[in-house]
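Below you'll find the structure, written out as structure tokens, and then a few comments.
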Amino acid sequence: LVNRIETYIIATKTHSAPSNYNNNKHYKYYLHLFLDIDMSVLGKTSLAYDAYAYAIRQEYAFVPHDVYCTKRADILKSFFTT
């Protein structure tokens, strides 16, 4: 179970299932459900998204502001190209 949870969390980096999940439909289904839930904040109100974005920024407070903004924009853009 711990390995599965670790895999789910790591998968949020790319929002795709690792190749070794292709052979297990049950685990793959729940991984995709987890990733959909992770992305659901993008469909919420702007106030809810702002709170989420603030929390993410606090998590990466050690990253300089300009670097954070550039990388965060890259991440958000990547969601539309995958």
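Quantities reported herein were computed from a predicted structural model and do not represent experimental measurements.
With sequence neighbours left out, the ring-ring contact (aromatic ring centres under 6.0 Å, His included) criterion links Y68 to no other residue. Under the ring-ring contact (aromatic ring centres under 6.0 Å, His included) criterion, Y29 pairs with no residue, sequence neighbours left out. Among residues two or more places apart in sequence or in another chain, the side-chain hydrogen bond (donor to acceptor under 3.5 Å, both in side chains) test is passed with R4 by Y27. D50 meets the side-chain hydrogen bond (donor to acceptor under 3.5 Å, both in side chains) test with no other residue; sequence neighbours excluded. Partners of T7 by side-chain contact (heavy atoms from CB on, under 4.5 Å), not counting sequence neighbours, listed by chain and number: P18, Y21. For V67, the side-chain contact (heavy atoms from CB on, under 4.5 Å) partners are V63, P64, K71, not counting sequence neighbours. Remark: T45 engages L47, A48 in a side-chain contact (heavy atoms from CB on, under 4.5 Å) (not counting sequence neighbours). Shown here are the side-chain contact (heavy atoms from CB on, under 4.5 Å) partners of I10, two or more places apart in sequence or in another chain: E6.
Note: I75 CD1 to K77 NZ = 12.0 Å, rounded to the nearest 0.5 Å. Summarising the geometry, atom CZ belonging to R57 is positioned 6.5 Å from atom SG belonging to C69; distances are rounded to the nearest 0.5 Å. Of the inter-residue distances, the one linking D74 atom CG with T70 atom OG1 reads 7.0 Å to the nearest 0.5 angstrom.
Cluster annotation: L42 is connected to Y52 through the hydrophobic network of ILVMFWY side chains, with a link wherever side-chain heavy atoms come within less than 4.5 Å.
Smallest separation of non-hydrogen atoms from A11 and L31: CB-CD1, 3.9 Å. Contact detail for L35 and Y8: the closest heavy-atom pair is CD2-O, 4.5 Å.
Contact annotation: the side chain of T12 never approaches that of M39 to less than 4.5 Å [non-hydrogen atoms, C-beta and beyond].
Residue pairs meeting the side chain to side chain donor-acceptor pair (under 3.5 Å) criterion with at least one partner in residues 30-42, sequence neighbours excluded, are H15-D38.
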